[in-house]
Amino acid sequence: MKLDTIYLIHHSHTDIGYTADQPIFWDLQHRFLKDALDLIDRYRGGTESGDQDSAFRWTVETTCQIEAFLKTASRRDIDRLVRAESEGFVEVTAMFANLTPLADARQLIESLRPALRLRSEYGFDIRYAMNCDVNGHNWILPDILMDHGIAGFSMAINQHFGGAPRPRPEVFLWEAPSGRKLPTLNGWQYSKAYDFGLGDEDDGKFQSLLPDIERHLEDGGIKLPFMLLQGFHPFGDNGTAWDAYARFARRWNAAGRLPRIVCATPRTFWKRVLECGAQLPTKRGDWTDYWNFGSISTARETSVSRSARERLVRADSLMAALAGFPSGNEEDSARRSARLYRDSAWRELNLYAEHTWGGDEAANRPETEDSLSMENHKKQTVWKARSL
């Protein structure tokens with residue numbers, strides 16, 4: 001299969017912890033998105049060569065990243081973000097974080113509330129979702145995504161644990177329990193654009209790999225003449241924006257080489273999928289995960305997270321019942337507590353269901369301050385959720 005286009009999706013991979021303590025992770029999100037906005041301004045419209053395909057573009061992998069940015073961003077930077085999103089240089093995807101199947105249907109619905117807020121408050125066109133690292137999701141996810149207006153979902157499974165279904169990459173229709181079908185990409189690991197050399201200063205590595213890539217697609221029965229490749233900063237997980245992908249695409253395209261490299265966001269890829277009218281295979285059932293093995297290393301907290309979730313669901317039911325009764329006092333205790341703490345409680349539970357369990361050295365050096373700090377920040381999400 002000869003490729004005519006590679007859609008290169010550049011983003012920061014979200015590990016809440018792992019490379020640095022969680023409070024540092026949250027602070028870095030502001031810096032990463034500001035770096036991306038600065039590069040968008042520099043490359044806007046392909047001003048040097050007129051090549052719109054190589055203009056710098058940025059994908060926000062998870063809504064928790066953009067919420068962290070908005071907490072401290074200046075009015076000017078928020079305006080820059082809104083403009084970049086409306087012009088197609090930034091795309092915000094729908095998932096709160098790279099969640100494990102610890103999140104059940106009720107929790108997944110709560111995890112999509114930030115996407116709804118970002119749509120209503122900032123006008124963001126959030127129509128696609130992506131998750132990375134994790135190996136799968138509970139079968140109810142495609143129904144929940146479609147209920148929230150999501151038209152396509154991609155996975156970029158880490159090759160180091162568990163495994164991805166074959167063939168890979170593959171676009172298929174994931175049939176939900178309702179019978180509806182969600183266009184889904186079982187994509188390569190989120191580092192592949194970098195691994196294949198699409199950020200190198202010369203074209204040699206990618207040129208040498210291209211015949212093998214096309215042969216791999218043909219052997220897997222892939223009939224689409226285009227593909228999506230995700231790429232991160234050379235730092236790795238929790239890395240910032242990197243303009244080497246745009247520079248590579250500009251040089252490659254200017255030389256008239258094929259496949260054409262398009263610095264894109266997910267909506268560009270999914271638009272092409274829908275336009276091509278390809279007969280996509282249908283797959284039905286659960287997409288089994290292996291990544292959340294970390295949850296057994298904090299077994300007590302995993303148990304507490306489940307019991308806290310059940311209490312929170314009951315509290316929501318009671319509040320729904322109270323809605324039918326007039327309040328005798330505007331500061332009625334139940335309503336006041338719900339207004340102050342309810343959303344925070346759900347957020348803490350979702351942070352626990354996020355896929356990162358510990359620092360990058362925790363398995364080999366669990367006694368270091370880095371390891372202990374990240375472990376305790378992770379556990380604290382559960383105990384805070386329980387209290388709230």
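Source: prediction; values computed, not measured.
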Colleague: State plainly whether one hydrophobic cluster holds both Phe248 and Leu3, where clusters connect Ile, Leu, Val, Met, Phe, Trp and Tyr through side-chain heavy atoms under 4.5 angstrom apart.
Modeller: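 Same cluster.
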Colleague: Enter the distance from His13:NE2 to His233:NE2 here, rounded to the nearest 0.5 Å.
Modeller: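 It comes to 15.5 Å.
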Colleague: Specify whether Tyr122 and Phe124 have parallel, tilted or perpendicular ring planes, treating 30° as the upper limit for parallel and 60° as the lower limit for perpendicular.
Modeller: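 Correct class here is parallel.
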Colleague: With a 4.5 Å limit on heavy-atom distance, are the side chains of Leu118 and Ile126 in contact?
Modeller: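 In short, these two side chains touch, coming nearer than 4.5 Å.
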Colleague: For Cys132 and Tyr190, work out which heavy atoms get closest and say how close.
Modeller: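 Residues Cys132 and Tyr190, closest heavy atoms: CB-CD2, 3.6 Å.
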Colleague: Among Ile16, Leu351, Leu349, whose side-chain contact (heavy atoms from CB on, under 4.5 Å) with Thr381 holds?
Modeller: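 Single pass found, and it is Leu351.
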Colleague: About how many Å separate CG of Leu81 and CD of Glu85, when rounded to the nearest 0.5 Å?
Modeller: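 Nearest 0.5 Å value for the CD-CG distance: 7.5 Å.
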Colleague: Taking 4.0 angstrom as the limit, do Arg83 and Glu87 come out as a salt bridge?
Modeller: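 Salt bridge present between Arg83 and Glu87.
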Colleague: Between Leu145 and Ile109, is there a shared hydrophobic cluster once you connect ILVMFWY residues whose side-chain heavy atoms come closer than 4.5 Å?
Modeller: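 In one cluster: yes.
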Colleague: In terms of side-chain geometry, is the basic nitrogen of Glu218 or Lys223 positioned less than 4.0 Å from the acidic oxygen of its partner?
Modeller: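 Between Lys223 and Glu218 there is no salt bridge, as every charged N stays at least 4.0 Å from the carboxylate O atoms.
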Colleague: Which word best sums up how the rings of Phe153 and Trp287 line up, parallel for under 30°, tilted for 30 to 60°, or perpendicular for over 60°?
Modeller: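 Geometry flag for Trp287 against Phe153: perpendicular rings.
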Colleague: Closer than 4.0 angstrom, basic N to acidic O: yes or no for Arg215 and Asp212?
Modeller: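 Counted as a salt bridge, because a side-chain N and a carboxylate O are separated by less than 4.0 Å.
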Colleague: Under a 3.5 Å cutoff, is there a donor and acceptor pairing between the side chains of Asp51 and Ser54?
Modeller: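 There is such a pair between these side chains.
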Colleague: Side chain to side chain donor-acceptor pair (under 3.5 Å) with Asn350: which of Arg113, Gln107, Glu110?
Modeller: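 Only match with Asn350 under side chain to side chain donor-acceptor pair (under 3.5 Å): Gln107.
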Colleague: Go through the steps for His10 and Trp58 under the test ring-ring contact (aromatic ring centres under 6.0 Å, His included), then give the verdict.
Modeller: CA-CA 6 Å; His10 182 28; Trp58 180 254; 4.8 Å; yes
Colleague: May I ask you to decide whether Arg247 forms a salt bridge with Asp243, counting only side-chain N to carboxylate O separations under 4.0 Å?
Modeller: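 Yes, this pair counts.
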Colleague: Please evaluate residues Arg57 and Glu91 with respect to the criterion salt bridge (Lys or Arg N to Asp or Glu O under 4.0 Å), reporting the C-alpha separation (whole Å), side-chain torsions for both, the decisive distance (0.1 Å), and the verdict.
Modeller: CA-CA 8 Å; Arg57 290 178 172 83; Glu91 181 172 353; over 6 Å; no
Colleague: For Ser74 and Arg76, does a side-chain donor sit closer than 3.5 Å to a side-chain acceptor?
Modeller: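 Checked: Ser74/Arg76 side chains show no N/O donor-acceptor pair below 3.5 Å.
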Colleague: Side-chain contact, heavy-atom cut-off 4.5 Å: Asp53 with Arg260?
Modeller: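 Asp53 vs Arg260: side chains touch.
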Colleague: Do Asp143 and Ser178 have side-chain N/O donor and acceptor atoms under 3.5 Å apart?
Modeller: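 Present: a donor and an acceptor within the cut-off.
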Colleague: Would you mind reporting whether Ile157 and Trp188 have side-chain heavy atoms less than 4.5 Å apart?
Modeller: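 Trp188 vs Ile157: side chains apart.
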Colleague: Measure across Pro259 and Leu210 and return the closest heavy-atom pair with its distance rounded to 0.1 Å.
Modeller: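 Closest heavy-atom pair between Pro259 and Leu210: CD-CD2, 3.5 Å.
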Colleague: State, to 0.1 Å, how close Cys64 and Trp26 come at their nearest heavy-atom pair, and which atoms those are.
Modeller: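 Scanning both residues, the minimum pair turns out to be O-CZ3, 3.6 Å.
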Colleague: Checking ring-ring contact (aromatic ring centres under 6.0 Å, His included) between Phe206 and each of Trp252, Phe196, Tyr245, which is the one that passes?
Modeller: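 Among Trp252, Phe196, Tyr245, the one meeting ring-ring contact (aromatic ring centres under 6.0 Å, His included) with Phe206 is Trp252.
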Colleague: Is the distance from the ring center of Phe56 to that of Phe89 below 6.0 Å?
Modeller: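 No; Phe89 has its ring centre 6.0 Å or more from that of Phe56.
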Colleague: Any Lys/Arg nitrogen of Glu310 or Arg306 sitting under 4.0 Å from an Asp/Glu carboxylate oxygen of the other?
Modeller: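 Salt bridge absent between Glu310 and Arg306.
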Colleague: Determine the sole option in Glu170, Met227, Glu214, His216 for which the side-chain contact (heavy atoms from CB on, under 4.5 Å) test with Ile222 is passed.
Modeller: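 Single pass found, and it is Glu170.
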Colleague: Would Arg386 and Trp346 count as a cation-pi pair here, with the cationic atom under 6.0 angstrom from the ring centre and within 45° of the axis?
Modeller: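 No, cation not above the ring by the 6.0 Å, 45° rule.
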Colleague: Check whether more than 12 heavy atoms from other residues, nucleotides or ligands sit under 6.0 Å from atom CZ of Arg365, and answer yes or no.
Modeller: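 Incorrect, the count does not exceed 12.
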Colleague: Any donor-acceptor pair under 3.5 Å linking the side-chain atoms of Asn238 with those of Asp15?
Modeller: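 No, Asn238 and Asp15 have no side-chain donor paired with an acceptor closer than 3.5 Å.
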Colleague: Determine whether the aromatic ring centres of residues Trp357 and Tyr18 are separated by less than 6.0 angstrom.
Modeller: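 Not close enough - the centres of the two rings lie 6.0 Å or further apart.
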Colleague: Just how far is it from atom OG of Ser371 to atom CD of Glu361, taken to the nearest 0.5 Å?
Modeller: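 Answer rounded to 0.5 Å: 4.5 Å.
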Colleague: So which of Tyr194, Phe235, Phe232 actually passes side-chain contact (heavy atoms from CB on, under 4.5 Å) with Trp242?
Modeller: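 With Trp242 as partner, side-chain contact (heavy atoms from CB on, under 4.5 Å) holds for just one option, Tyr194.
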Colleague: Could you walk me through whether Thr298 and Tyr352 pass the side-chain hydrogen bond (donor to acceptor under 3.5 Å, both in side chains) test, one step at a time?
Modeller: CA-CA 10 Å; Thr298 52; Tyr352 185 73; 2.7 Å; yes
Colleague: For a quick test of reading the model, state the closest non-hydrogen atom pair linking Thr63 to Thr93 and the distance between them.
Modeller: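 The answer is CG2-O, 3.4 Å.
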